[in-house]
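Starting from 1, each residue takes its place in the sequence as its number. The basis for the numbers below is simple: all heavy atoms, side chains too, and nothing from hydrogens, waters or symmetry mates.
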Amino acid sequence: MKIAVTYEKETGNVFQHFGKTEYFKIYQIEDGKIVSSEVIDNGGNGHHALPPFLKSLGVETLILGNRGQGAIDAIAKAGLKEMPGITGSADDAAELFARGELKPNFAVRCNHHGEHH
């Protein structure tokens with residue numbers, strides 16, 4: 001199984017604004033263990049184009065921080081499972097996911113669109 005985590009290269013943490021994600025860390029998981037990982041850029045995509053891009057890479061599940069309703073809709077339309085509201089180390093999140101212990105927070109929403117941030 002392939003999963004993607006929104007990735008902040010400088011810190012190794014889960015990037016918190018899905019639509020502005022510049023990098024993803026892609027993990028291959030087999031038998032509850034991470035067998036490989038790689039950091040990729042966003043392919044020049046943003047917001048609504050990111051989920052289909054990830055799906056085209058074979059990603060099944062997306063681990064992310066914050067996302068707005070447009071992202072929620074685009075993720076669902078692309079057929080990706082989402083694990084939102086995740087903070088901290090991307091590697092730790094992927095490890096927890098591989099073991100079936102990652103707890104998403106579906107209440108986390110980005111609702112400041114239109115503001116300059």
N/O donor to acceptor pairs below 3.5 angstrom from side-chain atoms of residues 76-85, sequence neighbours left out:
unit_1	atom_1	unit_2	atom_2	d
Glu82	OE1	Arg67	NE	2.8
Glu82	OE2	Arg67	NH2	3.4

Quiz item: Does the side chain of Gln28 reach to within under 4.5 Å of the side chain of Ile3, using non-hydrogen atoms?
Solution: no
Quiz item: Just one of Ile75, Ile86, Leu50 clears the side chain to side chain contact (heavy atoms under 4.5 Å, CB included) bar with Leu64, so which one?
Solution: Ile75
Quiz item: Do side-chain atoms of Lys2 reach the backbone of Ile26 as a donor and acceptor pair under 3.5 angstrom?
Solution: no
Self-check item: Smallest separation among heavy atoms of Ala93 and Val14, with atom names
Solution: CB-CG2, 4.4 Å
Output a table of donor-acceptor pairs, distance under 3.5 Å, between side-chain atoms of residues 30-42 and any protein atom two or more places apart or on a different chain; print 'none' if there are none.
unit_1	atom_1	unit_2	atom_2	d
Asp41	OD1	Gly43	N	2.8
Asn42	OD1	Gly44	N	2.8
Asn42	ND2	Thr21	O	3.1
Asn42	ND2	Asn45	O	3.1

Quiz prompt | Set of side-chain hydrogen bond (donor to acceptor under 3.5 Å, both in side chains) partners for Tyr7, sequence neighbours left out | solution = none
Practice problem: Report the residues that fulfil side chain to side chain contact (heavy atoms under 4.5 Å, CB included) with Thr87, sequence neighbours left out, ordered by chain and then residue number. | Solution: Gln16
Exercise. Measure across His47 and His17 and return the closest heavy-atom pair with its distance rounded to 0.1 Å.
Key: NE2-NE2, 4.3 Å
Quiz item: When rounded to the nearest 0.5 angstrom, what distance separates CZ in Phe24 from CZ in Phe53?
Solution: 7.5 Å
Quiz prompt | Co-membership, hydrophobic cluster, residues Tyr27 and Leu57, 4.5 Å side-chain | solution = no
Quiz prompt | Residue pairs fulfilling side chain to side chain donor-acceptor pair (under 3.5 Å) with at least one residue in residues 49-64, sequence neighbours excluded | solution = none
Quiz item: Looking only at heavy atoms, which two atoms of Phe15 and Glu8 are closest? And how far apart?
Solution: CD1-OE1, 3.9 Å
Quiz item: What distance do Phe18 atom CZ and Thr6 atom OG1 have between them, rounded to the nearest 0.5 Å?
Solution: 8.0 Å
Self-check item: Heavy-atom closest contact (Val5 atom, Ala90 atom, distance)
Solution: CG1-CB, 3.7 Å
Quiz item: Does atom CD of Glu22 have more than 12 heavy-atom neighbours from other groups under 6.0 Å away?
Solution: no
Solution key, residues 95-103 side-chain donor-acceptor pairs under 3.5 Å, sequence neighbours excluded:
unit_1	atom_1	unit_2	atom_2	d
Arg99	NE	Glu101	OE1	3.3
Arg99	NH2	Glu101	OE1	3.3

